[in-house]
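Below is one structure; the comments refer to it alone.
Lettering follows sequence order; numbering is per chain, from 1.
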Amino acid sequence: MNRSTLALLMALPLLLAGCYKDDLDPGKLTNNPFDPGYVGENVFVSEGTYTETVFIPGVGNVVRQVIAFRVRRDLFLNPSASYAVQVHDLQNGQTTVINADPPGGDAFKYYKQNLVQGSPVCLELRLTNNFSVARAETICVTL
Amino acid sequence: MSGWTGIAVRVVQCLVGGVLVLFAGSAVGQSTGTLRLNMEPAGSTEYVLDTAYRMRDRELRLLEGPHHFVFWAPERRMLDTTITVVPGVTTDVRIGLRYSEEYIQWRKRSERYTTTRRWGLYGPPVVAAGAAAWMVVSYLDYRQAHQDLVDLEEAYAASTDPGEIQRMKSTGIPDAKDDFAKARTTTIVASGLFVVSAGATWYLRRKLEESRPPAFEDKERTRFEGLVWVPGQNGGTWAAGITIPLAR
């Protein structure tokens, strides 16, 4: 074994030791919409508001406000993600978790009983799974 | 004439008788004894008898009286002594020769050389083999630690659980980064140790190939063989030796 081969063999482990890099920075991981620290485009898109009348047995016809919004699945890093949305009504302080309507899609409807014409309704929306919530976004609509 | 002749014959008879009596007296004064030498080491001890005869016999028949002996064996110190032979008796003599100072020193140097050679030959390769094993294990750990980071990055992308993502970012990823840094340091240290020990193995092997064991110079032999008579079948030869201390 000549000297150059020996030197190469001896340098090989050191080269191997330096071949892996640690490029993972938790501070830079911000592109998952389910991350509470998500930094990126808004996930929720308002689709407007309107009223509808429903018949409730024993009560009769009730008029309620429907606030429709949509979740941008195209922003998800995992396209097959299933989720729910936590809605926090900033007017009355109530928080509820709603599922897609129709189920399996990305369209959601939030129903509000006490509707006020011309008054803006603001909702704080978050994606949610396993009782934990992602970044909050606010949408406001007016009848 | 016959009377004178008779007187002459008587005188001659008296003289011969006197001489015979004298010789007989002398023969009685030169009686012998036997020495049986039990020498240690048994097979290789030689001796010089009465500063003249180099011999190895174990049993000697000698004239009565004191005899000078110088005993010697390879690697042993000479023993210079006088043994008195008792007439008509077999005397057992036990001779034990001590190791010479040169031999003791040579043995120490030899043992040191053997120990050094043994450590030089087997120590670094054993360390190198251990370091190589450690390097392989730590490299596998290092690779696994890197794979853990890759997996965490993929898990971040795949996760839809905000709580899990938060835990991942606050503890999972920092812990994995620490593990990765430690694994990399360990791999570098193990690799360095392997490189050093492999280099030492190569270097020491070359040095040991060039080294020679210490030689033993039996100075006692030179002194013993300095000037002795070596009896043989056809007489004998004089052997002479000289030691020149060149080191001085």
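- Heavy-atom pairs under 4.5 Å with chain A peak, among V136(B), I173(B), L152(B), V150(B), at I173(B).
- Close approach to chain B, defined as a heavy atom under 4.5 Å from one of its heavy atoms, is seen in no residue of residues 83-114 of chain A.
- Between F71(B) and the options L79(B), D80(B), V48(B), a side-chain contact (heavy atoms from CB on, under 4.5 Å) holds for only L79(B).
- Looking at N31(A), both its backbone and its side chain come within 4.5 Å of chain B, counting heavy atoms on both sides.
- When each of M168(B), E164(B), K177(B), E153(B) is scored by its heavy-atom pairs under 4.5 Å with chain A, the top score falls to K177(B).
- Between R54(B) and E225(B), at least one side-chain nitrogen of the basic residue sits less than 4.0 Å from a carboxylate oxygen of the acidic one, meeting the salt-bridge criterion.
- Under the 4.0 Å criterion applied to side-chain N and carboxylate O atoms, R135(A) and D35(A) are not assigned as salt-bridge partners.
- In this structure, E111(B) does not pair ionically with R109(B), as no charged nitrogen and carboxylate oxygen lie closer than 4.0 Å.
- Relative to the ring axis of Y103(B), R76(B) does not place its NZ or CZ within 45° and under 6.0 Å from the centre.
- Salt bridge R205(B)/E209(B): absent, no basic N to carboxylate O contact under 4.0 Å.
- Interface remark: Y156(B) contributes backbone and side-chain atoms alike to the contact with chain A (heavy atom separation under 4.5 Å).
- Ionic pairing of K21(A) and D23(A) is not present here: no N-O contact between side-chain nitrogen and carboxylate oxygen is shorter than 4.0 angstrom.
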query: Between R64(A) and T51(A), is a side chain to side chain contact (heavy atoms under 4.5 Å, CB included) present by the stated rule, with each step listed?
result: CA-CA 5 Å; R64(A) 64 183 183 183; T51(A) 57; over 6 Å; no

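- Only the backbone of S82(A) comes within contact range of chain B, with at least one heavy atom under 4.5 Å from a heavy atom of that chain.
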